[in-house]
Amino acid sequence: MKRLWWHDAVVYQIYPRSFMDSNNDGIGDIPGIISKLDYLAELGVDVLWLSPVFKSPMDDNGYDISDYDDIAPEFGTLADMDRLIEQAGQRGIRILLDLVVNHSSDEHPWFQQARQSKDNPYRDFYIWRQPRADGSPPNQLRAAFAGSAWELDEATGEYYLHLFSKKQPDLNWQNPKVRTEVYAMMNRWLDRGIAGFRMDVIEMLGKIPDQEIIVNGPDLHPILQEMHQQTLAGRDTLTVGETWAATTDIAKLYSSPERKELSMVFGFDHIRLSYHPQAGKWRPKPFDLVELKQVFAHWQTELAGEGWNSLFWNNHDLARSVSIYGDEGEYRLKSAKMLATVIHGMQGTPYIYQGEEIGMTNVRFEHIEDYQDIETRNHYVEKLAEGYSHDELMTAIHTHSRDNARTPMQWDGSEYAGFSEASPWIKVNPNYQEINVQQDQQRQDSLFRHYQQLIRLRKSWEILVYGSFELILSEHPTVFAYLRHYQDQTLLVVNSFARENVTVELPAIWQNRSCETLITNDKARQQLSETLQLTPYESFMVILS
Ligand code: TEU
Ligand code: CA
C-alpha cells in the first residue's frame with residue numbers, strides 16, 4: 001500500500017460554536033480556536049476538522065449554509081480563517097472543513113432565486129414536485145428532523161425536498177450546474193490552503209426521491225469519482241465521508257485508493273449497538289460487548305489492504321463515549337483511557353472529539369428548553385403530541401441527544417468553564433468544576449497525557465499504522481482483546497469493560513517472547529502468563545517480540 005501522510009495522522013474534531021469564545025458573546029469562534037492551537041499542538045494532533053463555520057441562519061447550527069464562500073460573523077471573518085490555516089500550519093497542523101452540499105440553507109441565494117418561479121434559471125438546483133391530486137406531498141419520504149421530507153412552497157404551488165429541516169432544501173445533484181458550482185467552491189477552499197473535507201451525508205448525493213431511494217443511489221460513486229477528478233486529484237488531501245448506511249463492502253467502494261473517491265468514511269455500525277435496531281436512538285439500549293467486538297473486527301479485517309478505517313467513539317451528533325461505553329463515576333478516567341486505547345490500538349485514522357481528551361460526559365438538563373438541538377427539540381414536540389410521556393422522552397434525550405456533545409468545552413473551573421465570560425448559547429455541563437482541562441492536567445493520572453502518549457505511539461510504531469488485526473477472546477463478555485501483527489512483531493491490546501476484577505485465559509501468544517508495555521492505565525507488565533488478572537477497566541498495550 002502506498003504510504004500517505006495521513007496514514008499515521010490523528011484528527012481532532014472541533015465544534016466551533018462550543019470550543020472557545022474569544023469575544024464574550026457566548027458563542028465559540030475562530031479566534032478562540034487560534035488561541036487554543038498550542039493546546040492542540042501539545043496534545044499532538046495532526047489535523048483539525050471544523051464543523052461548519054460558513055454563513056448560515058443556524059437553523060441546524062451551521063449545517064444549513066447560506067454562503068459557502070464567507071464565514072458566519074458569529075464565528076469570525078475570512079481573515080480569521082486564513083490566520084487559522086496559517087497559524088495551524090506553523091504547528092504542523094492541517095485544517096479540514098465540513099462540506100455540507102447534500103443541501104443548502106433556504107436562505108442561500110440559489111434557493112432564494114429558485115423559489116421565485118418555475119422557470120427561474122436556479123429552479124433545478126433543487127428538487128421540486130407537483131402535489132398529488134388531493135394536494136398532499138408527492139410521497140411518504142420523512143425528514144430526519146421530524147415530519148414530511150416535502151415542504152409546500154405556496155408561491156409556485158410545488159413541494160421541495162428537504163431530508164433534514166425545511167430550512168435545508170436538498171440540492172439536485174443530477175443537475176451538472178450544481179456539481180460545477182460545488183466543485184468550483186471546493187477548489188477555492190483548497191487553493192486557500194485547507195487540507196480536505198469531512199463530507200456531510202455524502203451517501204445521499206445519488207438520491208432518487210421518486211423511487212424513495214435516499215442513500216447509495218446508482219449515481220453516487222460516479223459523482224464522487226467526478227468530484228475527485230475535478231477537485232482532489234493532484235492534491236495531497238484527506239477526505240472522510242459521513243456514511244451512516246455504509247457496510248464494509250460499500251466502505252471499500254469509497255476508500256479503495258484505486259477508485260479515486262475518498263480517503264475513508266465514518267461507519268456507524270458500532271454506534272447503532274446502543275440504539276434499538278428498529279426504533280433507533282430514541283429507544284436506547286445497552287450495547288453488547290461481544291457484538292461490539294464483532295463489528296470492530298469485521299471492519300478491521302474487511303478493509304485491510306482494500307480501503308482505510310476511521311476510528312471514533314464521538315462526534316458532534318453523538319453521546320459522550322464515557323457515558324455510553326465507560327463509567328461516569330469512580331472509574332471515569334480509567335474507563336476513558338481504556339476506550340481511547342481501544343480506538344487508538346486499531347488500524348485506521350483515530351478521531352478525537354473536543355472534550356473527549358478530558359473525559360467530558362453526557363449532560364442531563366432537566367428542562368427541554370435547555371436543549372438547543374433542532375433534532376432533539378423536534379423529536380420531543382412530535383413524540384409528546386403522539387402521547388409519549390415527558391419522563392420517557394427526557395430519559396432518551398439524556399442518553400442520545402446531540403447536545404450531549406455540544407455543551408461548552410470545559411477549560412477550567414471558573415464560571416462558564418473558561419469557555420466564555422458571557423452566558424453561553426447552551427448551558428455548561430454542571431460537572432465542569434471537576435471535569436476541565438486545567439484540573440485534568442494537574443492530575444498524575446491525566447487523561448490528556450494518556451491521549452498524548454497514544455498519539456506519539458502511532459508515530460513511533462509502524463505496527464499500529466500498518467499491522468494486521470486479529471481478534472482474540474472473541475466470546476469474552478467483558479474483555480476486548482486483540483492482536484496486531486507486523487513483520488516479526490506482535491502487539492497485544494487488552495481492554496476490560498468490567499467494573500470489577502476479571503480473570504482471562506490468554507492464548508499462547510506470549511510464550512518465549514519478551515513483553516514491553518507501551519501504555520497502560522494501571523501497572524506496567526514485564527511478563528505475561530496464561531492467566532491474566534485484570535483490575536476494573538484495566539487496559540494496556542504490550543509489544544511481544
Ligand atoms: O448528520 C447526518 C445525520 O444523519 C445525523 O444527523 C443523524 O441523523 C443523527 O445525528 C442520528 O441521530 C449530518 C451532520 O453530522 C448533522 O450534524 C447534521 O444535522 C445533518 O447531517 C444535516 O446536515
Ligand atoms: Ca464569540
Side-chain angles (χ1 to χ4, degrees), residues 13 15-36 49-54 56 58-65 71-77 80 98-105 142-146 149 162-171 197-205 214-215 240-246 265-266 268 271-272 274-276 279-284 312 314-319 324 351 353 372-379 396-397 399-406 408-409 416 419-425:
Q13 183 194 354
Y15 195 70
R17 194 175 194 84
S18 307
F19 188 66
M20 182 65 202
D21 173 18
S22 70
N23 61 346
N24 298 319
D25 62 356
I27 300 172
D29 46 55
I30 294 171
I33 298 171
I34 293 171
S35 75
K36 294 297 181 183
W49 151 28
L50 272 53
S51 277
V53 288
F54 307 102
S56 162
M58 303 295 170
D59 189 54
D60 185 15
N61 284 354
Y63 282 91
D64 51 315
I65 294 169
I71 302 297
E74 54 264 66
F75 293 140
T77 64
D80 291 327
D98 210 318
L99 185 70
V100 186
V101 291
N102 171 68
H103 48 272
S104 74
S105 166
R142 309 293 294 168
F145 298 155
H162 63 86
L163 292 172
F164 292 91
S165 89
K166 62 186 174 194
K167 285 183 70 60
Q168 293 170 291
D170 278 59
L171 283 162
F197 300 96
R198 176 265 186 182
M199 298 191 180
D200 191 62
V201 291
I202 201 71
E203 61 190 357
M204 296 182 173
L205 296 196
I214 296 306
V215 296
V240 54
E242 182 201 25
T243 55
W244 278 83
V265 293
F266 293 130
F268 291 85
I271 297 297
R272 271 187 285 261
S274 62
Y275 298 179
H276 187 280
K281 67 189 256 186
W282 298 120
R283 289 267 301 278
F312 69 98
N314 297 286
N315 68 30
H316 64 290
D317 292 333
L318 302 179
I324 300 294
Y351 288 73
Y353 178 66
Q372 306 301 323
D373 170 28
I374 184 170
E375 180 190 55
T376 300
R377 297 181 76 128
N378 286 6
H379 168 74
I397 286 167
T399 307
H400 282 310
S401 168
R402 302 193 303 179
D403 277 343
N404 282 311
R406 300 176 181 186
M409 179 71 181
Y416 309 129
F419 162 76
S420 177
E421 288 168 22
S423 173
W425 68 279

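Positions are given from 1, in the same order as the sequence printed here. Each ligand, and each atom within it, is numbered from 1 in the order the structure gives.
With the Ca ion (ligand 2) at the apex, D21 OD1 and D29 OD2 define an angle of roughly 90° (rounded to 10 degrees). With the Ca ion (ligand 2) at the apex, D25 OD1 and N23 OD1 define an angle of roughly 90° (rounded to 10 degrees).
Protein residues with a heavy atom under 4.0 Å from ligand 1 are D60, Y63, H103, F145, F164, Q168, R198, D200, V201, E242, W244, K281, H316, D317, E375, R402, R406.
Here the side chain of Q13 pairs no donor or acceptor atom with the backbone of Y351 at under 3.5 angstrom.
Results of the ring-ring contact (aromatic ring centres under 6.0 Å, His included) test with H316 over Y63, F19, Y353 single out Y63 as the only residue that passes. Among the candidates D373, T376, N315, the single residue satisfying the side chain to side chain donor-acceptor pair (under 3.5 Å) test with R402 is D373.
In this structure, the separation between OG on S56 and CG on D64 is 3.5 Å, given to the nearest 0.5 Å.
Aromatic pair F312/W49: ring centres not closer than 6.0 Å.
For the 3.5 Å distance criterion, the side chains of N404 and S401 fail to qualify, holding no donor opposite an acceptor. Side-chain contact check for N61 and Y15: at least one donor-acceptor pair (N or O, by modelled atom type) lies under 3.5 Å.
At least one N, O or S atom of I27, from either the backbone or the side chain, sits less than 3.0 Å from the Ca ion (ligand 2).
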